[in-house]
Amino acid sequence: MINITLPDGAVRQYEPGVSALDIAKSISEGLARKVLSAKVNGEVIDATRPITTDSTLQLLTWSDKEGKSTMWHSSAHLMAEALEALYPGVKLGIGPAIEGGGFYYDIDLGDRQIGEEDLRKIEVKMNELAKQSSVYVRKEVSKADALQYFTEKQDQYKLELIEGLNDGDITFYTQGGFTDLCKGPHIPNTGFIKAIKLTNIAGAYWRGNEKNKMLTRIYGITFPNQKELDEHLTLLEEAKKRDHRKLGKELELFTFSEKVGLGLPLWLPKGAMLRERLQQFLQKAQMDSGYLPVVTPHIGSKQLYVTSGHYEKYGKDSFQPISTPEEGEEFLLKPMNCPHHCEIYKASPKSYKDLPVRLAEFGTVYRYEQHGELHGLTRVRGFTQDDAHLFCRPDQVKEEFIKVIDLVLYVFKSLNFTDYTAQISLRDKEDRSKYIGTDENWNLAEQAIIESAREKGLNTVVEYGEAAFYGPKLDFMVKDALGRKWQLGTIQVDYNLPERFELEYIGADNAKHRPVMIHRAPFGSLERFIAVLIEHVAGKFPLWLAPTQVKILPISDKSQAYAEKVAELLKNSEIRAEIDDRSEKIGKKIREAELAKIPYMLVLGEKEATDNLVAVRRQAKGDLGTMEIKNFIDLITDEVINRKPFE
RNA sequence: GCUGUUGUAGCUCAGGGGUAGAGCACUUCCUUGGUAAGGAAGAGGUCGUGAGUUCAAUUCUCAUCAACAGCUCCA
């Protein structure tokens, strides 16, 4: 007998060779019907695999992340089965579950093209196959057999995958008439898949390489019942309503113009006010933390970027140099502020007592982004970084780095960004050719980041190959309405630029030393930050940021004079208020202010004018009753000072 | 840049081989109304751009530009 330890600590005894599904059945039939896969000694496997030794066991169902993942991966196989049935000769690439939910399969349809109608047909076929409750059968195969199978099938993609695998590690899974190369795990049978939705078709390069053939990727998602699918679709609809591109237009925050150029946002008055609020907020925090403001031009001589190394790395993929008409001098639109700041550092000799020097600038930069990359405000060609560069002594690096983490966390906290991941972006483990600088410096920098993040107790993930070409980064990633991840705050340790610019300070020993540079931007860029902010708050900005805080709604033009008086009082208290003096009914004025997501509305009529009161209405909440003007001002001021969220 | 989808009024969208329509917004007039849409009239578009097919193209075909989804990229 073997001992099976369950998550609650209970230990049960079974015959060797028992499966997770058998164990589930021994607990309850109901549970057994829900088991999708199992975690045995920390490894997720088929619920039907035999367990032969003492083990810990967690039964995975739809409520577990890994359970969902198993279901979706099996759904990808089900889709592949349907595709083979509908389109004989289709070649299959890979078909995994996706982290954010659902699955895809990359396929080569040859000369065939498919569209939306085809997706519906495939869904029908999948449903038909699912109903057969075909069992997913696992089989270990030798490399030779695996190669032979897919050679007969003439599937070069699978053959390529098998070539990269070791003999002995290869398994096939078969359900119904379909067999795929797969390491598993899978759900017990296709009958678990009750609701299917294929969402979209897109192109994807084989193995993610631009030089390879582009395959057709079909995305889908499945659920154990129709209700959950419907809920999921509703949720997607809701998310689309929070899209910053849609809200940016509706709330008149920003716009784009083809004539101005792609990816070059135009900030409208309300958006500009929001932006300025954020800038002032961060400027204040930076002033308090010993940063010094600097201002640098939007272009810099090409030589500046040759020195920094950016020209060699990105010169070809940048806006090309602009030249003077007579002398043929060459300048680049600045794609980053660091080189300029290095030259500011160099403007005067530095003593070790001067360090750290913290130079801050809201620097607008221009980068050539591939056409297909442009995306609302999150990926643009002209944007403003809340940039700063800290020049410090090696012994100050960690302390400074930690202070920067604190600043980023302060910013995130002030804006209620609680759901972020701190990503430690290091060099690619194999390919180091794309990085500049010595191994020694890289190791120092990577070490500094890892230690600082650990000391701050950040919840981190390490990503190899995500470092900048000159140094490792600590990136703060936040998701948008649709769950796509974006990098906002970033902190980078850099030993390279100080060398390239020959930055120095005189140490206590009266000798020259090289400072270390820290790049940091808590927002990342104002554009991207605001985009994510809009989606997070669904356009309902906290009062301290709201472009218009109060809309004054006189009931008729008899109350116009009183409305103006109230507006004046609010203005004196630095409250951003507007009067809606149109000859419209109060109901309509309220409706429009509600839709514009204005936090507070003041309904002013003859009653209020007589008693010197304001009737307050809160967006989405309704009538709050009347109060003294002074009390209303206090209410607003308190909410602004404490940076309360909208609720 | 690549694959696919889309492109009609300021916005959201309908239509369709015989040179265009709705709602909202806008302008004017009437209305002075108490917590999510008062009424009337008016103005507004060479149907993304260019070419081809046709007696005739906004509609069909091709190219091109842009947006969207994904891929690749992201100093």
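Just so you know, these numbers come straight off a predicted model, no measurement behind them. Proteins get letters first, then strands, A, B, ... in listed order; numbering begins at 1 in each. These numbers come from the heavy atoms of this one structure, side chains and all, not from hydrogens, waters or symmetry mates.
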How many Å lie between [atom1] on [X] and [atom2] on [N], as a whole number?
X: A:Asn212; N: B:U3; atom1: CG; atom2: P; value: 15 Å
X: A:Leu553; N: B:A36; atom1: CG; atom2: P; value: 12 Å
X: A:Asp581; N: B:U31; atom1: CG; atom2: C1'; value: 16 Å
X: A:Leu251; N: B:C11; atom1: CG; atom2: C1'; value: 13 Å
X: A:Lys558; N: B:U31; atom1: NZ; atom2: C1'; value: 12 Å
X: A:Asp108; N: B:U3; atom1: CG; atom2: C1'; value: 13 Å
X: A:Glu594; N: B:G34; atom1: CD; atom2: P; value: 19 Å
X: A:Ile218; N: B:U5; atom1: CD1; atom2: P; value: 13 Å

Whether over 12 other heavy atoms sit under 6.0 Å from [X] [atom1]:
X: A:Glu250; atom1: CD; value: yes
X: A:Glu330; atom1: CD; value: yes
X: A:Glu160; atom1: CD; value: yes

Given the [atom1] atoms of [N] and [M], what is the spacing between them in whole Å?
N: B:C11; M: B:U49; atom1: C1'; value: 22 Å
N: B:G17; M: B:G23; atom1: P; value: 24 Å
N: B:U12; M: B:U6; atom1: C1'; value: 15 Å
N: B:C13; M: B:G70; atom1: C1'; value: 26 Å
N: B:G44; M: B:G33; atom1: C1'; value: 30 Å
N: B:A43; M: B:A37; atom1: C1'; value: 22 Å
N: B:G7; M: B:G15; atom1: P; value: 11 Å
N: B:G4; M: B:A22; atom1: P; value: 37 Å

note = The correct list of stems in which RNA chain B takes part (3 or more consecutive Watson-Crick or G-U pairs, distances under 3.5 Å) is B:1-7 with B:65-71, B:10-13 with B:21-24, B:26-30 with B:38-42, B:48-52 with B:60-64
Need one value for [X]: base, sugar-phosphate or nothing, where a base atom within 4.0 Å counts as base even if backbone is also close, heavy atoms only.
X: A:Glu606; answer: base
X: A:Ala593; answer: nothing
X: A:Leu215; answer: nothing

key: Per-nucleotide protein contact string for nucleotides 68-75 of chain B (B base, S sugar-phosphate only, - none; heavy atom under 4.0 Å)   = SSBBBBBB
note = Its contact letters, B for base, S for sugar-phosphate only and - for none at protein heavy atoms under 4.0 Å, make nucleotides 37-49 of chain B read BB-----------
remark   = Between A:Glu258 and A:Asp557, whichever has its closest RNA chain B nucleotide further toward 5' is A:Asp557
ask   = For A:Tyr464, is the NZ or CZ atom of A:Lys429 found under 6.0 angstrom from the centre of its six-membered ring and inside 45 degrees of the ring axis?
value = yes
request  = Establish, for the pair A:Arg217 and A:Tyr205, whether the NZ or CZ atom is under 6.0 angstrom from the six-membered ring centre and no further than 45 degrees off its axis.
outcome  = no
request  = Would you please classify the geometry between the A:Trp486 ring and the A:His375 ring as parallel, tilted or perpendicular, with 30° and 60° separating the classes?
outcome  = tilted
ask   = Taking all non-hydrogen atoms of both residues, which atom of A:Ala615 and which atom of A:Glu608 are closest, and how far apart?
value = CB-OE2, 3.5 Å
message = Please identify which of these residues, A:Lys240, A:Lys241, A:Arg242, meets the salt bridge (Lys or Arg N to Asp or Glu O under 4.0 Å) condition with A:Glu238.
response = A:Lys241
key: Candidate list A:Phe529, A:Phe523, A:Phe476, test ring pair (Phe, Tyr, Trp, His ring centres under 6.0 Å), partner A:Phe417, passing option   = A:Phe529
ask   = Out of A:Tyr314, A:Trp442, A:Tyr435, which one pairs with A:Phe469 under the ring pair (Phe, Tyr, Trp, His ring centres under 6.0 Å) rule?
value = A:Tyr314
ask   = Passes salt bridge (Lys or Arg N to Asp or Glu O under 4.0 Å), A:Glu502 versus A:Arg514? Steps please.
value = CA-CA 8 Å; A:Glu502 301 179 332; A:Arg514 188 125 290 164; 5.8 Å; no
query = With a 4.0 Å cut-off, would you call A:Arg379 and A:Glu369 a salt bridge?
reply = yes
key: Donor-acceptor contact below 3.5 Å, side chain A:Ser318 vs main chain A:Gln320   = no
inquiry  = Nearest to the A:Lys249 side chain among B:G34, B:A67, B:C11, which nucleotide is it?
reply    = B:C11
